[in-house]
Amino acid sequence: MYKQLIQPILFSLDPEKAHHLTFSWLKFIHKIPGIPAIIRSIYQVEHPSLEREVFGIKFKNPVGLAAGLDKEAKLYEELSNLGFGFIEIGTITPKGQPGNPKKRLFRLKADKAIINRMGFNNQGVEEAIKRLKKNKNVIIGGNIGKNKITPNEEAVNDYSICFEKLFPYVNYFVVNVSSPNTPNLRTLQEKEPLTLLLNTLQKLNSQKEKPKPILLKIAPDLTDEQLLDIIDIVKETKIAGVIATNTTISRECLQSPDRNENGGLSGKPLTKRSTEVIRFLSKKSGKAFPIIGVGGIHSVEDALEKLEAGASLIQLYTGFIYEGPKLIKDINKKLIKI
């Protein structure tokens with residue numbers, strides 16, 4: 001139904017308008033008595049073999065929603081009803097910011113991809129908390145970043161603010177230093193500033209009665225040498241794991257008219273590279289830490305490849321937009337059989 005009816009309508013609209021329309025529609029239908037239960041009965045798959053315990057958290061299934069779709073924790077419960085085992089919100093910054101000028105979101109239909117240069121548009125951490133206070137049992141990841149106007153030398157302060165404020169309301173944290181859409185953000189992936197940032201957050205974490213997992217989200221454009229640095233940093237800072245990968249700045253072998261737009265590319269063109277990064281990290285580290293695999297998962301086979309490469313959990317974003325919620329169900333049903 002999604003690919004035959006809903007997707008053609010949404011894809012006839014501007015991508016950002018389609019996003020807001022989808023959110024409004026999902027919010028509306030979930031207010032109709034009985035509809036949430038019907039949606040859950042269609043899409044949710046529950047089975048003991050799907051359960052995963054990773055970095056101390058028990059997930060009902062290993063298929064999550066990547067950050068970027070529910071940036072401001074507006075629809076985590078409704079999205080969870082579609083079958084996701086966990087929802088990652090954000091990227092959240094300390095203060096609200098409008099993000100980059102529009103137009104900033106592009107569909108590359110011929111490539112089954114998306115380019116975005118949103119720029120961490122969100123209302124700020126306090127607004128997200130208002131909505132997260134209503135959460136009952138959805139596992140939430142808090143993806144945190146810095147405000148655009150904050151210089152890199154002061155970035156640690158922004159991440160620390162978000163960490164402290166979100167701590168009571170999320171199950172795990174993701175440090176995002178790999179978005180290509182905030183000026184100079186990716187320089188924070190270099191060994192010295194990244195080690196400082198993660199050590200600072202881990203120090204705050206250690207002061208809590210029950211510390212929470214902190215993960216690092218990395219870019220797919222890192223060299224092997226940089227990936228080896230990431231392995232060293234994870235071991236040194238003792239963070240819980242890595243999310244591989246964020247969007248890419250590569251534009252190889254694209255066919256769509258908007259292929260040269262600035263921003264991060266996600267979707268099918270990223271499938272191979274993200275899997276390579278997962279496999280490299282898993283192998284070179286000796287499976288020393290969990291990896292959440294994300295990037296170009298458009299089919300059951302794509303999901304299985306990520307898991308086989310060494311991912312403990314996976315996340316969807318662009319594949320969810322192109323394939324619809326049936327993809328979540330199909331992945332989980334396949335995992336029950338194997």
Side-chain angles (χ1 to χ4, degrees), residues 50-68 84-92 139-145 159 162-163 166-167 170-179 188-189 191 194-206 208 210-220 222 224 226-247 273-295 297 303 305-317:
L50 289 175
E51 294 176 0
R52 302 285 191 277
E53 187 164 329
V54 186
F55 36 79
I57 300 173
K58 191 172 183 179
F59 297 84
K60 63 182 180 181
N61 72 63
V63 186
L65 178 68
F84 287 111
F86 58 107
I87 305 291
E88 194 170 304
I89 63 157
T91 296
I92 301 287
I139 294 176
I140 300 287
N143 187 302
I144 57 177
Y159 287 92
C162 288
F163 179 83
L166 280 174
F167 191 88
V170 301
N171 299 91
Y172 69 88
F173 284 92
V174 180
V175 176
N176 187 357
V177 290
S178 52
S179 169
L188 293 175
Q189 289 183 120
K191 196 164 189 177
L194 183 54
T195 302
L196 172 64
L197 171 57
L198 294 176
N199 276 332
T200 301
L201 294 177
Q202 282 288 62
K203 186 176 180 180
L204 294 174
N205 203 21
S206 68
K208 307 296 183 184
K210 290 184 178 180
K212 293 184 176 177
I214 298 175
L215 289 87
L216 172 67
K217 189 164 188 176
I218 63 171
L222 299 179
D224 286 356
Q226 288 172 314
L227 289 173
L228 291 172
D229 281 344
I230 294 295
I231 292 171
D232 290 341
I233 290 167
V234 173
K235 290 178 179 177
E236 182 181 339
T237 61
K238 295 181 172 61
I239 61 168
V242 169
I243 297 185
T245 62
N246 211 323
T247 56
R273 177 56 187 163
S274 63
T275 302
E276 287 173 351
V277 171
I278 293 163
R279 183 170 285 113
F280 184 94
L281 292 175
S282 180
K283 185 177 180 180
K284 294 294 183 181
S285 71
K287 300 183 178 180
F289 48 83
I291 300 167
I292 299 181
V294 55
I297 301 176
E305 282 181 7
K306 293 281 191 288
L307 294 167
E308 183 275 328
S312 301
L313 304 167
I314 56 172
Q315 291 178 327
L316 309 181
Y317 181 90

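In this structure Glu276 satisfies the salt bridge (charged side-chain N to carboxylate O under 4.0 Å, His left out) test together with Arg273, sequence neighbours excluded. Under the rule for a side-chain hydrogen bond (donor to acceptor under 3.5 Å, both in side chains), Asn61 has no partner lying at least two apart in sequence or in another chain.
When only modelled atom types and interatomic distance are considered, Thr91 and Asn143 share a side-chain donor-acceptor pair under 3.5 Å. A donor atom on one side chain and an acceptor atom on the other are not found under 3.5 Å apart for Gln226 and Asp229. Side-chain atoms of Lys306 and Thr275 include a donor-acceptor pair closer than 3.5 Å.
Proximity of a side-chain donor or acceptor of Thr237 to a complementary backbone N or O of Ile233 within less than 3.5 Å is detected. In this structure, Ser282 contributes its side chain and Arg279 its backbone to no donor-acceptor pair below 3.5 Å. Side chain of Glu236 to main chain of Thr195: no donor-acceptor pair is present (N/O by atom type, distance under 3.5 Å, no hydrogens or angles).
The structure places CD1 of Ile87 at 11.5 Å from CG of Asn171, a figure rounded to the nearest 0.5 Å. The distance from the CZ atom of Phe86 to the CD atom of Gln315 is 4.5 Å, given to the nearest 0.5 Å. Residue Asp224 holds its CG atom at 4.0 Å from CZ of Phe280, rounded to the nearest 0.5 Å. Atom-to-atom distance recorded for Ile291:CD1 and Ser312:OG is 7.0 Å, nearest 0.5 angstrom. With rounding to the nearest 0.5 angstrom, the CG atom of Asn176 is 8.5 Å from the CD atom of Gln189. Taking CZ from Phe163 and CD from Gln202, the interatomic distance works out to 7.5 Å, rounded to the nearest 0.5 Å.
No more than 12 heavy-atom neighbours from other residues, nucleotides or ligands sit within 6.0 angstrom of NZ on Lys283. More than 12 heavy atoms of other residues, nucleotides or ligands sit less than 6.0 Å from atom NZ of Lys208.
Tyr159 pairs with exactly one of Thr200, Leu188, Leu204 by the side-chain contact (heavy atoms from CB on, under 4.5 Å) rule, that one being Leu188.
Considering only heavy atoms from C-beta on, Ile314 comes within 4.5 Å of Leu307 through its side chain. Taking the side chain as every heavy atom from C-beta outward, Leu216 and Leu194 approach each other to under 4.5 Å. Put simply, the side chain of Leu228 reaches to within 4.5 Å of the side chain of Ile231, judged on heavy atoms. Here the side chains of Ile239 and Leu215 are not in contact, with every heavy-atom distance at 4.5 Å or above. The side-chain heavy atoms of Lys284 and Leu227, taken from C-beta on, include no pair separated by under 4.5 Å. Between Tyr172 and Glu88, some side-chain heavy-atom pair lies under the 4.5 Å cut-off.
The two atoms that bring Pro62 and Arg52 nearest to each other are CB-CG, 3.9 Å, heavy atoms only. Closest non-hydrogen pair, Pro220 versus Thr245, comes out as CB-OG1, 3.5 Å. Between Ser178 and Lys217, the shortest heavy-atom contact is OG-O, 2.8 Å. The shortest heavy-atom contact between Pro290 and Val54 is CB-CG1, 3.6 Å. When all heavy atoms of Ile57 and Pro213 are compared, the closest pair comes out as CD1-CG, 4.0 Å. For the pair Leu281 and Ser285, the tightest heavy-atom approach, listed with the atom from each and the gap, is O-OG, 2.6 Å.
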Quiz item: Going through the checks in order, is the side-chain contact (heavy atoms from CB on, under 4.5 Å) test met by Val277 and Leu222?
Solution: CA-CA 9 Å; Val277 171; Leu222 299 179; over 6 Å; no

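Stacking of Lys212 on the aromatic ring of Phe173 is not recorded, the 6.0 Å distance cut-off and the 45° axial limit not both being met.
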